[in-house]
Amino acid sequence: SWFTFIAACFYGLKNFSFYHALLGIALSIILVHLAFARLTLFINNKFQDKKTLLKIKTFVEYLILIIVGYLIFY
């Protein structure tokens, strides 16, 4: 995601004015942070038992790693 962000900043500065590119960068950072904050509150409210949440989080992280590894090597 960092590579995508850096590329978007580069092409934003290349194709638009500095003001518009800076406004787009700031707005996208703010929106992503707000979305993750709301998602964190939502998930924490859904799971009263934090051990269950930790198990699901660990499973999803390993699943993502396996999928990425599969896509890279096959």
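Source: prediction; values computed, not measured.
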Please set out all donor-acceptor pairs under 3.5 angstrom arising from side-chain atoms of residues 67-74, sequence neighbours excluded.
none

Distance-only check: which donor-acceptor pairs under 3.5 Å involve side-chain atoms of residues 10-35, not counting sequence neighbours?
unit_1: Asn15; atom_1: ND2; unit_2: Tyr11; atom_2: O; d: 3.3
unit_1: Ser17; atom_1: OG; unit_2: His20; atom_2: N; d: 3.3
unit_1: Ser17; atom_1: OG; unit_2: His20; atom_2: ND1; d: 2.7
unit_1: Ser28; atom_1: OG; unit_2: Gly24; atom_2: O; d: 3.2
unit_1: Ser28; atom_1: OG; unit_2: Ile25; atom_2: O; d: 2.8

N/O donor to acceptor pairs below 3.5 angstrom from side-chain atoms of residues 51-60, sequence neighbours left out:
unit_1: Thr52; atom_1: OG1; unit_2: Asp49; atom_2: OD2; d: 3.1
unit_1: Lys57; atom_1: NZ; unit_2: Glu61; atom_2: OE2; d: 2.9
unit_1: Thr58; atom_1: OG1; unit_2: Leu54; atom_2: O; d: 2.8

Is there any side-chain hydrogen bond (donor to acceptor under 3.5 Å, both in side chains) pair reaching into residues 35-48, and which pairs are they, with sequence neighbours excluded?
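Residue pairs with at least one partner in residues 35-48: there are none.
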